[in-house]
Amino acid sequence: MSNAEQSITLTCVNCPAGCRLNVVRDGDQIVSVAGYRCRQGIEYAHQEVMNPSRIVTSLIRVSGSSEPLSVKTKQPIPRHLIGDCLAAIQASFVTLPVTIGDVIIENVLNTGVDVIATRSLPDRTCRSAKVKA
Amino acid sequence: MPKVTSIDILIIGGGPAGLAAAVAAWDAGCRSLLILERDERMGGILQQCIHSGFGLHYFGESLTGTEYADRWISQVEERAIPYQCQTMVIDLTDSRQVTAVSPQYGLQRFQAGAIILAMGCRERPRGALAIPGTNCAGILTAGAAQRLVNLNGEIPGKRVVILGSGDIGLIMARRMVSVGARVLACVELMPYSSGLPRNVVQCLQDFDIPLLLNHTVISIQGRGRLSSVTIAQVDPETRQPISGTERVIECDTLLLSVGLIPENELSRSAGVLLSGQTQGPLVSQSMQTTVPGIFACGNVLHVHDLVDAVSEEAVVAGLSAVRWIEQYHCDTPEEDILCRLEAGRGIRGLVPQRISLPLETDYIVIHFRPFQVFQPGEIRVRADGQTLLKLKRRVLTPGQEETIRIPSERIREGRVQSIIIEAGDSLE
């Protein structure tokens, strides 16, 4: 192993086997992947080592209400930005009404990804229907 | 007493199972339908599941629980299927009479042609574990904490220990961190997590939360509010604490993620027989319970890993209820049972437990959980002693419910009396 090489251990998340992957990385290159039992393991190792990303879900304050609104990043964002993304969401608030899918924060942290509402508020199902006899 | 309202299909519960059953029944032609929901809103537990990973199978994309619920609620709304929220069913009889109460309509009585049980499940509480210690505030089930945080906007504590590594516990570990709490450990009695690997990686490893396998909480300390828990390593064979491994963790919150139990009080009141393994009703492949005209689906039947599988099962229940009404509107026939299914070595929680006429599908869908980890594993299906199917799996684990399909043809012809399903290590 050269000095620039780095050994990383991962758990593949594609199936319950949860293979322990040993990945050797040299800068922008994956040198080797070991421990996988199928192709998905190799793909996961490349994705997770070179460009780990997650959909971030959280809650945002609603002005004039103690009830929060649930939101998510529309696409996955780089994993190292999760904390900053949560902070950005926590620093803002929305006013009602909000419809599911509405953009709440545009282009969060310059990732090119929007934060969108994952529910509508007020909730349209908060009502009851009387059934005719 | 209030007047009795007649309804063709009455669905108890407006979560994912009830919603999908209603949509399926409507689309099959039923126009006299009603969903009764206890909570203020439709959607069941999905309302508080703000994380993503739902719908990959059913909609081909990763939705949050709230988005997944919205897809189904929209379908219910488009069809103008009636539902009542804040309506609690307090009695169900074997002749399908329903008594319900709600603040809006008071006491209501219904006579249903068919009933679909879709009440879901609830969490095992502290009392089910018998952990010694004081009775103090700060001990919650993971789902209760999830509701407080995600729906009410309240944070139940700042220093958190999680007991059990079920998916809700793992999800709540991440959630508590993102609302500013510290999660000190996730403590699991078994040598493996019962949650999905995806959640172990993305909820614990991403946030450097230690997962302590073969560990448990042996005592709880606190006056008024929880102040600490004592954890210890357990012997993997006996699961008893090992003396000398005790460790005190100072915390103000203990979240329990230690299993789910189908909620079957109403099923019992109607005389529906329950399985000792799933703790849900015994059903045929059409989701009919042991009481004719009463069907069950979703987590009230058996605890599912994925909501997509709940929706799929609920569609079957919805269609079966419609067919049942069309065929037997007035009389209640004897069920024509073709074949019994049994859980053999290595598995538990088999659903369905019997196959009956009419058997219209080409395949019968069977769910079960392996009893332990088999890696690599093999599933064997034996019909009257002869091997019908052998299926290889890279791994079988209790954390993942297995689904298999067996062909209907021989069973329909009445050539099979009993089917036994087993799991074990793969011999090759």
Side-chain angles (χ1 to χ4, degrees), chain A residues 9-20 37-38 40-41 44 48 52 54-62 65-76 79-80 82-83 85-87 89-90 99-101 116-133, chain B residues 3-7 14 34 37 40-43 47 50-53 62-67 69-70 73 76-77 82-87 102-105 108 110 149-154 175 178-180 193 196-202 205-207 375-376 393-397 399-400:
Chain A
T9 308
L10 296 174
T11 309
C12 179
V13 301
N14 284 302
C15 88
C19 294
R20 299 281 286 176
R37 294 192 189 79
C38 75
Q40 290 187 81
Y44 178 77
E48 193 65 7
R54 304 281 187 264
I55 287 177
V56 176
T57 63
S58 191
L59 299 160
I60 194 162
R61 277 178 295 171
V62 174
S65 167
S66 63
E67 210 180 334
L69 173 77
S70 58
V71 295
K72 71 169 186 182
T73 58
K74 199 170 179 190
Q75 279 93 33
R79 188 179 60 192
H80 71 270
I82 292 175
C85 181
L86 289 169
I89 292 168
Q90 202 163 13
T99 304
I100 191 166
I116 62 168
T118 57
R119 66 178 291 200
S120 301
L121 274 180
D123 194 303
R124 64 188 154 145
T125 71
C126 269
R127 62 161 178 84
S128 298
K130 176 83 177 172
V131 177
K132 288 192 211 93
Chain B
K3 199 167 77 173
V4 177
T5 305
S6 287
I7 299 273
L34 175 63
E37 167 57 47
E40 288 169 9
R41 299 171 261 242
M42 299 292 275
Q47 294 176 66
I50 68 163
H51 55 283
S52 62
S62 179
L63 303 170
T64 66
T66 52
E67 291 175 317
D70 187 77
I73 292 167
V76 165
E77 300 267 6
Y83 57 81
Q84 288 182 14
C85 296
Q86 285 191 296
T87 303
S102 74
Q104 198 169 0
Y105 304 118
Q108 299 177 90
F110 302 97
V149 173
N150 293 350
L151 284 177
N152 301 5
E154 287 160 13
R175 190 98 287 278
S178 54
V179 296
S193 163
L196 301 168
R198 178 175 85 200
N199 288 334
V200 174
V201 171
Q202 298 180 3
Q205 290 176 14
D206 275 4
F207 299 94
Q375 189 169 6
R393 291 282 192 275
R394 210 169 293 128
V395 64
L396 291 168
T397 151
Q400 166 120 347

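The structure presented is a predicted model; accordingly, all values stated were derived computationally and were not measured. In what follows, chains are A, B, ... by sequence order, proteins preceding strands, each numbered from 1.
Neither the backbone nor the side chain of B:E37 comes within contact range of chain A; no heavy atom of the residue lies under 4.5 Å from a heavy atom of that chain. For B:V149, the parts lying near chain A are the backbone and the side chain together; criterion is any non-hydrogen pair under 4.5 Å. Both the backbone and the side chain of B:D70 come within contact range of chain A, with heavy atoms under 4.5 Å apart. Proximity to chain B (any heavy atom under 4.5 Å) is restricted, for A:I116, to the side chain, taken from C-beta onward.
Side-chain atoms of A:T57 do not come within 3.5 Å of backbone N or O of B:S52 as any donor-acceptor pair.
Nearest approach of B:E67 to A:A117, heavy atoms of both residues: OE2-O, 4.5 Å. Heavy atoms only, all atoms of each residue included: A:C12 and B:P197 are closest at O-CB, 4.1 Å.
Looking at heavy atoms from C-beta onward, B:L196 lies out of side-chain contact with A:V13 at the 4.5 angstrom threshold. A heavy-atom distance below 4.5 Å is found between the side chains of A:L59 and B:I50. The shortest distance between side-chain heavy atoms of A:S58 and B:R175 falls below 4.5 Å.
Put simply, CD on B:Q47 and CG on A:D123 are 7.0 Å apart, with the number rounded to the nearest 0.5 Å. Taking CG of A:N14 as the reference point, atom CZ of B:R394 lies at 9.5 Å (rounded to 0.5 Å). Rounding to the nearest 0.5 Å places CG of B:D206 at 13.0 Å from NE2 of A:H80.
In terms of non-hydrogen atom pairs under 4.5 Å with chain B, the most contact-rich of A:I100, A:L69, A:I82 is A:I100. Here A:K72 is the residue among A:R79, A:K72, A:Q90 with the most heavy-atom pairs under 4.5 Å with chain B.
Between B:R41 and A:E67 a salt bridge is recorded (basic side-chain N to carboxylate O distance below 4.0 Å).
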Quiz prompt | Stepwise side chain to side chain contact (heavy atoms under 4.5 Å, CB included) check, B:Q202 with A:I55 | solution = CA-CA 10 Å; B:Q202 298 180 3; A:I55 287 177; over 6 Å; no
